[in-house]
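What follows is a single structure, written as structure tokens, with notes after it.
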Amino acid sequence: MPMATTPMMQQYEDAKASCPDALLLFRMGDFYELFHDDAETAHRLLGITLTSRDKSENPIPMAGFPHHQLDGYLAKLIAAGCRVAVCDQVEDPKKAKGLVKREVTRLVTAGTLTDESLLDPRASNFLAAYVPGEVGGIAWVDVSTGRFYAASIPSEQLQDELARIRPAELLLSEEFPEAALEGEWSQTPRAAWTFSYKSALQLLEKQFGTQSLEGFGFGDRDGAAICAAGGILNYLQETQRTELAHIDRLSPYDSRAALQIDEASRSSLEISRTVRSEKRDGSLLDIMDRTVTAMGGRLLGEWLENPLTDCAAINGRLDSVEELIQSPSRITTLSESLAKIYDMERLLARATTGRASPRDLQFMGTTLAALPAIKEQLQSLEANRFCEMDAEFDLCTELQERLTAALQDDCPLTSREGGFIRTGHSEELDQLRNLSSGGKQWIARYQAEEIERSGITNLKVGYNRVFGYYLEVTHAHRDKVPETYIRKQTLKNAERYITPELKEHEEKVLQSDAQANELEYELYLKLRQSVTEMAERLRRTAAVLAEMDVFCSLASLARARDYCRPEVDDSREMILLGGRHPVLDVLSDEGTFVPNDTELHVDRQRLLLITGPNMAGKSTYIRQVALITIMA
């Protein structure tokens, strides 16, 4: 690789040295550029043109794309299995003395995505870590929502747990043999010390502002789980390089609270994706999902992947669904209200990591404005879980009022170009904008004064980006032009002039434009910080909205498919009357699927022997029983 020969390339080499295993996107003006081997890789994966930075004997390969296309190219690179470092300009080029300062602002990997355009809105995107041991530890987090879990598990259970979590990326100690694990998740080796207990505990306690993790339900036997969680947090701090306020708790996962499904069975049952396409279409989740929000869609998937085993908890959910079923109008009204909200979980994550756009903040305000109607409907419901949800539901009224009062109804995606703060919100900003827009009153007054002074009745003041402000006089009045006018441009029928007074006003306008943008950016930062400060309250409310959406979805499905409420208790028998395969019953022509019964009892009929020719429906029947059990 040629040595850097310019300050700019030295800056690039320094940034590249900080993340040598990642493709480096180096911001240069309005473009992101890649150099050397990175440029050739990007050329091959993205199809962008490969050029060179100079024409010397050893030219440096170079490839790039406009900065506004970043999300699209990031998605392609991550899908291709790359790690990508984004090196941005961290100071205003207009204020820079010499070379603009640049820093790697984030390292993007498959498990650390937060950008909306890179994520499936209805699926979680987990980053996981595993620490082996006699009782191993596993932890997983969805950085885009802040949900963070950890569990202690036997080593023989690891593959089944990974099949359940389906992490986009798995962190392992570099001492762990890669051949020991199978799966489509990418594996990222990490230094062994990043999983040390002392380091992990300190990181987690600092993140959550606690003296220990006992309040979250972790004890002395959970050392490996804590190590795994600490390894994740260490990785996030290294890659995100920003605050992670939305990750405010570590939840213990008790595998005994969920139905244990081995990896092969999970795949065969096609709970959340089919075997053939590895996609959602045609799975149990696809058929059952009638949610109207992305948050609800993700939660329903989590419930199906982790069926409850506690009868009280199961019946608590069933009570909520039953109450909604008995009032179809409530399902409709609630669903219509929920459909007006945006993805609060991911909006909050982008705000707390410093990546929320003005539009994201506007969407947060719009969502909060829709909450009172949902709260009113929730308060009319009587099931125990609804009462608990009502207590957890925070309207965050003060934040909603602040965002709504400050932001335009249609905000841009970028915060640096301005134009998103409402007129009337800031008197200082309004004054700067008035001057920046040209000060129509000043221009009208100045034009009138010059017409009176010169006697040129058709004199007018104009503006263009090349010459700025000018006075235009037709050739018929050129002999009346005052000596103080300075000729700037000759047209076919007129002459254009400038004056010292007009240029002085132009400078004020340009300065005020820059000042207005700077002030608007400061106001945006304060609004974003106000969202971050309420992260915990917003997270709780988002969880309630997601759960409400799932209950409405299940009630709507039950009514549409004529499902009955299952009787779930601690007895050791299974009786299914008129059972239907939930997926095939929907995908088949109406009335073609023949319902059938199942009866099993531990004391008298604990085994069914199913026989018949190929394609007779044996496996369909077996899967039907399992899927109905999961649904119940």
Side-chain angles (χ1 to χ4, degrees), residues 121-122 145-146 246 289-300 302-303 313 315-348 351 359-410 422 527 530-531 533-560 565:
R122 306 188 77 80
T145 64
H246 66 301
D289 189 1
R290 295 189 174 211
T291 58
V292 295
T293 71
M295 296 184 294
R298 293 194 297 270
L299 182 61
L300 176 60
E302 186 174 317
W303 282 12
N315 282 301
R317 286 182 180 175
L318 293 173
D319 288 343
S320 302
V321 175
E322 184 173 32
E323 183 174 0
L324 289 173
I325 287 174
Q326 292 172 352
S327 178
S329 61
R330 281 180 172 171
I331 302 174
T332 302
T333 305
L334 270 167
S335 294
E336 288 175 351
S337 297
L338 288 165
K340 297 175 183 178
I341 70 173
Y342 293 89
D343 193 337
M344 273 185 75
E345 289 180 326
R346 287 181 172 171
L347 289 174
L348 178 60
R359 187 173 297 175
D360 287 333
L361 299 185
Q362 174 212 330
F363 287 168
M364 179 66 81
T366 301
T367 295
L368 295 178
L371 297 189
I374 299 173
K375 175 84 167 177
E376 183 179 352
Q377 295 165 58
L378 178 58
Q379 289 175 331
S380 69
L381 298 169
E382 298 178 357
N384 287 339
R385 182 54 193 148
F386 287 138
C387 295
E388 294 170 352
M389 290 162 65
D390 181 46
E392 297 163 8
F393 198 158
D394 191 332
L395 295 177
C396 304
T397 305
E398 61 273 38
L399 177 61
Q400 181 268 317
E401 291 175 347
R402 186 174 186 185
L403 292 173
T404 303
L407 295 167
Q408 301 274 19
D409 293 335
D410 188 14
R422 285 186 188 275
L527 290 172
S530 66
V531 173
E533 290 169 357
M534 297 184 69
E536 185 175 353
R537 294 168 62 184
L538 291 168
R539 181 190 54 75
R540 287 199 305 267
T541 295
V544 170
L545 293 169
E547 193 168 351
M548 177 59 71
D549 191 16
V550 171
F551 284 138
C552 287
S553 172
L554 294 175
S556 175
L557 175 73
R559 286 190 63 84
R565 172 173 177 163

task = Using the six-membered ring wherever Trp is involved, compare the ring planes of Tyr342 and Phe363 and label them parallel, tilted or perpendicular (cut-offs 30° and 60°).
result = parallel
About how many Å separate [atom2] of [Y] and [atom1] of [X], when rounded to the nearest 0.5 Å?
| X | Y | atom1 | atom2 | value |
| --- | --- | --- | --- | --- |
| Arg359 | Gln408 | CZ | CD | 12.5 Å |
| Leu334 | Ser327 | CG | OG | 9.0 Å |
| Met534 | Leu399 | CE | CG | 5.0 Å |
| Leu348 | Thr367 | CG | OG1 | 11.5 Å |
| Met548 | Ser335 | CE | OG | 10.0 Å |
| Ile341 | Thr366 | CD1 | OG1 | 11.5 Å |

Can you tell if the side chain of [X] reaches within under 4.5 Å of the side chain of [Y], non-hydrogen atoms only?
| X | Y | value |
| --- | --- | --- |
| Leu347 | Leu538 | no |
| Arg559 | Ile331 | yes |
| Leu403 | Gln362 | no |
| Val544 | Ile374 | no |
| Leu324 | Leu554 | no |
| Ile325 | Arg565 | no |

Flag for Gln377-Thr333: side-chain donor and acceptor within less than 3.5 Å = no
query = Does one side chain, of Thr404 or Gln400, offer a donor that lies under 3.5 Å from an acceptor on the other?
reply = yes
task = Give a yes or no on this: more than 12 heavy atoms of other residues, nucleotides or ligands lie within 6.0 Å of atom NZ of Lys340.
result = no
task = Using a cut-off of 6.0 Å, state whether more than 12 heavy atoms not belonging to Asn384 lie near its atom CG.
result = no
Side-chain ion pair, Glu302 and Arg298, N-O less than 4.0 Å = no
request  = Run the salt-bridge test on Arg317 and Glu547 with the 4.0 Å N-O cut-off and return the result as yes or no.
outcome  = no
ask   = Considering all heavy atoms of both residues, which atom of Arg402 and which atom of Ser530 are nearest to each other, and what is their separation?
value = NH1-CB, 3.4 Å
message = Does Val531 form a side-chain contact (heavy atoms from CB on, under 4.5 Å) with Asp360? I'd like the steps, not just the answer.
response = CA-CA 11 Å; Val531 173; Asp360 287 333; over 6 Å; no
request  = Begin with the C-alpha distance, continue with both residues' side-chain angles, and end with the deciding distance and a verdict on side-chain contact (heavy atoms from CB on, under 4.5 Å) for Asp549 and Met295.
outcome  = CA-CA 8 Å; Asp549 191 16; Met295 296 184 294; over 6 Å; no
task = Give the C-alpha distance, both sets of side-chain angles, the deciding distance and a yes or no for side-chain contact (heavy atoms from CB on, under 4.5 Å) between Leu371 and Thr541.
result = CA-CA 9 Å; Leu371 297 189; Thr541 295; 3.8 Å; yes
request  = Report the C-alpha separation of Asp409 and Arg422 in whole Å, then their side-chain angles, then the decisive distance to 0.1 Å, and conclude whether the side-chain contact (heavy atoms from CB on, under 4.5 Å) test is met.
outcome  = CA-CA 9 Å; Asp409 293 335; Arg422 285 186 188 275; 2.6 Å; yes
message = With a 3.5 Å distance limit and no angle check, can you tell me whether Arg330 reaches the backbone of Ser380 through a side-chain donor-acceptor pair?
response = yes
